[in-house]
Amino acid sequence: MSDARVKASLVAVAVAAADQLAGWLVSRSADHLPWTLGRELAIRLSHNTGISFSRLSNSGDWLRVLIAAVCAGLAVAIWRAPARFAVPLALVLGGAAGNLIDRLRFGYVIDYVAIGPWPTFNLGDVAIAVGAVLVALAVLRSEPRSAGDG
């Protein structure tokens with residue numbers, strides 16, 4: 001068993017747990033929201049039944065099934081892809097899993113970070129975005145193949 005993959009799996013679990021904890025804390029504080037932090041940043045409770053930017057709102061069970069399948073694929077990829085992809089994929093998996101847990105528990109994702117005109121988002125969304133950028137960087141920095149590596 002690879003240490004990098006075990007650590008990546010722990011990262012995925014930690015991200016999902018942190019996302020759930022943050023959503024729980026914000027939900028508990030709903031009566032005292034929004035908290036405004038400067039001119040453009042606020043903590044405000046929002047329920048999102050869709051995916052990024054509220055697309056596919058109220059899409060029902062098929063979206064939950066699709067997201068669960070993506071999470072399963074990411075979990076396999078952490079163990080099968082080159083080790084340099086393990087943590088970036090774990091960030092995406094942890095964020096997606098945290099959002100999937102919300103969907104299964106509540107029928108929507110708990111969002112709470114508002115920045116200027118952007119749609120409200122959560123810690124899971126941040127992990128997905130950071131993980132995706134890191135995957136792209138890992139691809140761009142991939143080791144060159146030798147002539148015989150067809």
Side-chain angles (χ1 to χ4, degrees), residues 1-30 37 41-116 118-150:
M1 210 179 316
S2 166
D3 282 347
R5 287 167 170 69
V6 171
K7 289 176 186 173
S9 298
L10 294 173
V11 166
V13 170
V15 167
D19 178 61
Q20 289 297 298
L21 178 62
W24 177 77
L25 289 170
V26 169
S27 294
R28 279 195 54 167
S29 304
L37 309 164
L41 178 63
I43 303 297
R44 105 175 10 108
L45 183 61
S46 174
H47 299 152
N48 182 358
T49 59
I51 57 172
S52 63
F53 303 110
S54 298
R55 290 179 297 202
L56 303 176
S57 291
N58 300 313
S59 55
D61 289 338
W62 73 266
L63 182 60
R64 286 187 280 273
V65 170
L66 176 63
I67 294 168
V70 168
C71 286
L74 287 165
V76 169
I78 288 169
W79 290 89
R80 306 274 323 243
R84 70 180 180 278
F85 292 101
V87 170
L89 289 170
L91 289 170
V92 176
L93 173 58
N99 286 343
L100 179 60
I101 291 166
D102 280 357
R103 287 178 198 290
L104 294 173
R105 289 178 65 201
F106 310 118
Y108 53 80
V109 174
I110 297 172
D111 287 335
Y112 42 83
V113 179
I115 299 178
W118 291 95
T120 307
F121 58 94
N122 64 32
L123 181 63
D125 299 331
V126 171
I128 291 167
V130 169
V133 167
L134 292 175
V135 166
L137 290 173
V139 167
L140 293 173
R141 292 184 179 174
S142 65
E143 298 166 10
R145 297 172 127 183
S146 65
D149 285 347

Return the set of residues passing side-chain hydrogen bond (donor to acceptor under 3.5 Å, both in side chains) with Arg105 (not counting sequence neighbours), or none when no residue passes.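 If we apply the side-chain hydrogen bond (donor to acceptor under 3.5 Å, both in side chains) test to Arg105, skipping adjacent residues, the hits are Gln20.
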
Check side chain to side chain contact (heavy atoms under 4.5 Å, CB included) between [X] and all other residues, then give those that pass, not counting sequence neighbours.
X	answer
Ala22	Tyr112
Leu25	Leu21
Val76	Arg80
Ser27	Leu45, Ile110

Heavy-atom distance under 4.5 Å between the side chains of Phe85 and Val139, does that happen here?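 Counting from C-beta outward, Phe85 and Val139 do come under 4.5 Å.
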
Once you round to the nearest 0.5 Å, how far does CG of Asp111 lie from CG of Leu123?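 Answer for the CG-CG pair, Asp111 versus Leu123, is 11.0 Å.
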
Please tabulate, for side-chain N and O atoms in residues 4-17, each donor-acceptor pair with protein atoms closer than 3.5 Å (sequence neighbours left out).
residue	atom	partner	partner atom	Å
Arg5	NE	Ile78	O	3.2
Arg5	NE	Trp79	O	3.0
Arg5	NH2	Ala81	O	2.1
Ser9	OG	Arg5	O	2.9
Ser9	OG	Trp79	NE1	3.4

Please name all residues satisfying ring pair (Phe, Tyr, Trp, His ring centres under 6.0 Å) with Phe106, sequence neighbours left out, ordered by chain then number.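 So Phe106 forms a ring pair (Phe, Tyr, Trp, His ring centres under 6.0 Å) with Tyr108.
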
Kindly give the heavy-atom pair with the smallest separation between Ile67 and Arg103, and that separation in Å.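 That closest heavy-atom pairing would be CD1-NE, 3.2 Å.
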
I'd like a table of donor-acceptor pairs (distance under 3.5 Å, sequence neighbours excluded) in which one partner is a side-chain atom from residues 131-138, with atom names and distances.
none

Atom pairs and distances, donor-acceptor, side-chain atoms in residues 89-101, under 3.5 Å, two or more places apart:
residue	atom	partner	partner atom	Å
Asn99	OD1	Asn122	ND2	2.9
Asn99	ND2	Asp125	OD1	2.9

